[in-house]
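This report refers to the structure that appears directly beneath it.
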Amino acid sequence: MSDTRNFEEASRQIRENLSKHIAKYDIIQQTEEESEEEEDNEDDVTDKLVDAMLANYSNMDPALVKSARDALKGSLHTTSCLICIENIRKTDGIWNCSTCYASFHLSCVAKWSKDSLFMLKQQQEEEPEKDIKLCWSCPNCRTPYSPADIPRKYICYCGKQVDPKFDPWLNPHSCGERCGKALKPECKHKCVLLCHPGPCPPCPKMISVTCHCAKSTPKMKRCSASNWTCGNVCSTLLACATHKCPDVCHPGPCAPCSRSSTQSCSCGKEAEPRACSAPVWKCGNKCGKKLKCEI
């Protein structure tokens, strides 16, 4: 009779423990699903904000705008550390690649870089005849970094603040101050967004600028799209001082003249038709000019 009660008591305890574990598992599953749904909603809101911010850049190079949009969205979305394959929490210390803008746990990338350098040093000792450069690479894009670039501090996106405190009203890992980085394509203006992940968007400032050949009336253009052509013939006087540039308004210096003209030799005694692109030539006769001593 005692054995029967012990068995029933043990069975009851096992059932109770099993029920507790099942209930706990259901709560964990529900929490994870809610967390994933919340992250998806945050990503949707982020995409809409980025699209709205770049909506006024429609008159610019579409490839440049698309690149900036994709990089900003990718940096703002919920990400995982590619080294430990765990989610990067809003309060975790991180490091960002300056090329691909991928984020990693600071501790993970510090260990990654040190392990990479240790392996290269071993290879140098084993194969001294090989020219092996000591560097470590971004786990995502393989951009090389020197040993001096091993991250040791948790720094905000714009680089102004060490150990930025988490603020629910700011983007995680941001100091909340104006970014202030130089914009690309390079201009005299700075990024006016608050400290942010990813690349800075193209310069939005409006400036008055003329075309490449400087013959048209200046127009108001976005600073990041200030290089424009009027579509007319350049007509800039070329180096031969005889012909004008026949190309349509273009960036950079004019191409060498493709025509021919009568060009005098260096001493000026002879002249003959020559390509305008090579106006300097020597006739082969004695120069005969007086020297500075006038003797």
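Worth saying up front: this structure is predicted, and the values here are computed from it rather than measured.
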query = S113 versus Y145: any side-chain heavy-atom pair under 4.5 Å?
reply = no

request  = State yes or no: do L82 and I94 share one hydrophobic cluster built from I, L, V, M, F, W and Y residues joined by side-chain heavy-atom distances below 4.5 Å, directly or via other members?
outcome  = yes

note = Contacts of S107 meeting side-chain contact (heavy atoms from CB on, under 4.5 Å) (sequence neighbours excluded), chain-then-number -> H105

Short side-chain to backbone donor-acceptor contact, S174 and H196, under 3.5 Å = no

message = Within this structure, what is the NZ-OG1 distance for the pair K219 and T217, rounded to the nearest 0.5 Å?
response = 8.5 Å

Atom NZ of K205: over 12 foreign heavy atoms under 6.0 Å = no

note = The complete set of salt bridge (Lys or Arg N to Asp or Glu O under 4.0 Å) pairs with one or both residues in residues 96-125, sequence neighbours excluded, reads K111-D115

note = In W136, Y154, Y157, the residue satisfying ring-ring contact (aromatic ring centres under 6.0 Å, His included) with W95 is W136

query = If you count the non-hydrogen atoms of other residues, nucleotides and ligands that lie under 6.0 Å from CD in E186, is the total more than 12?
reply = no

query = Hey, is CE on M206 packed in by over 12 heavy atoms from elsewhere, all under 6.0 Å?
reply = yes

request  = Examine distances only and state if a side-chain atom of K133 and a backbone atom of S146 form a donor-acceptor pair shorter than 3.5 Å.
outcome  = no

query = Same hydrophobic cluster for L183 and Y101, using side-chain heavy-atom links shorter than 4.5 Å among ILVMFWY?
reply = no

key: K215 vs T236 side-chain heavy atoms within contact, under 4.5 Å   = yes

task = Evaluate the criterion side-chain contact (heavy atoms from CB on, under 4.5 Å) for residue pair N227 and K221; output intermediate values, then yes/no.
result = CA-CA 9 Å; N227 294 322; K221 295 276 188 180; over 6 Å; no

inquiry  = Under a 3.5 Å distance rule, please check whether R89 uses its side chain to pair with a backbone N or O of N87 as donor and acceptor.
reply    = no

key: S224 side chain to C203 backbone, donor-acceptor under 3.5 Å   = yes

request  = Take S116 and S137, measure what side-chain contact (heavy atoms from CB on, under 4.5 Å) needs, and give me the verdict at the end.
outcome  = CA-CA 8 Å; S116 299; S137 303; over 6 Å; no

Criterion side-chain contact (heavy atoms from CB on, under 4.5 Å) on I88 and F104, from CA distance to verdict = CA-CA 7 Å; I88 297 177; F104 308 89; 5.5 Å; no

Residue pair C100 / N140: nearest heavy atoms and the distance that separates them = SG-ND2, 3.3 Å

task = For atom CZ of F118, decide whether the heavy atoms of other residues, nucleotides or ligands shown that lie under 6.0 angstrom number more than 12.
result = no

N/O donor to acceptor pairs below 3.5 angstrom from side-chain atoms of residues 243-251, sequence neighbours left out:
none

task = Could you tell me which non-hydrogen atom of L238 sits nearest to which non-hydrogen atom of C254, and how far apart they are?
result = CD2-CB, 3.7 Å

note = Looking only at heavy atoms, the pair that brings Q124 and L134 closest together is NE2-CG, 3.8 Å

ask   = About how many Å separate CG of D149 and OG1 of T143, when rounded to the nearest 0.5 Å?
value = 11.5 Å

message = Do L117 and I132 land in one hydrophobic cluster if side-chain heavy atoms of ILVMFWY residues count as linked below 4.5 Å?
response = yes

task = Mind listing the closest non-hydrogen atom pair of P197 and N171 along with its distance?
result = CD-ND2, 3.1 Å

remark   = SG of C187 to CZ of R222, rounded to nearest 0.5 Å, is 12.5 Å

task = Could you tell me whether N285 atom CG has more than 12 heavy atoms of other residues or ligands within 6.0 Å of it?
result = yes

request  = Indicate the atoms forming the closest heavy-atom contact of W228 with T210, along with that distance.
outcome  = NE1-O, 3.2 Å

query = Where is the tightest heavy-atom contact between C223 and H189, given as atom of each residue plus distance?
reply = SG-ND1, 3.5 Å

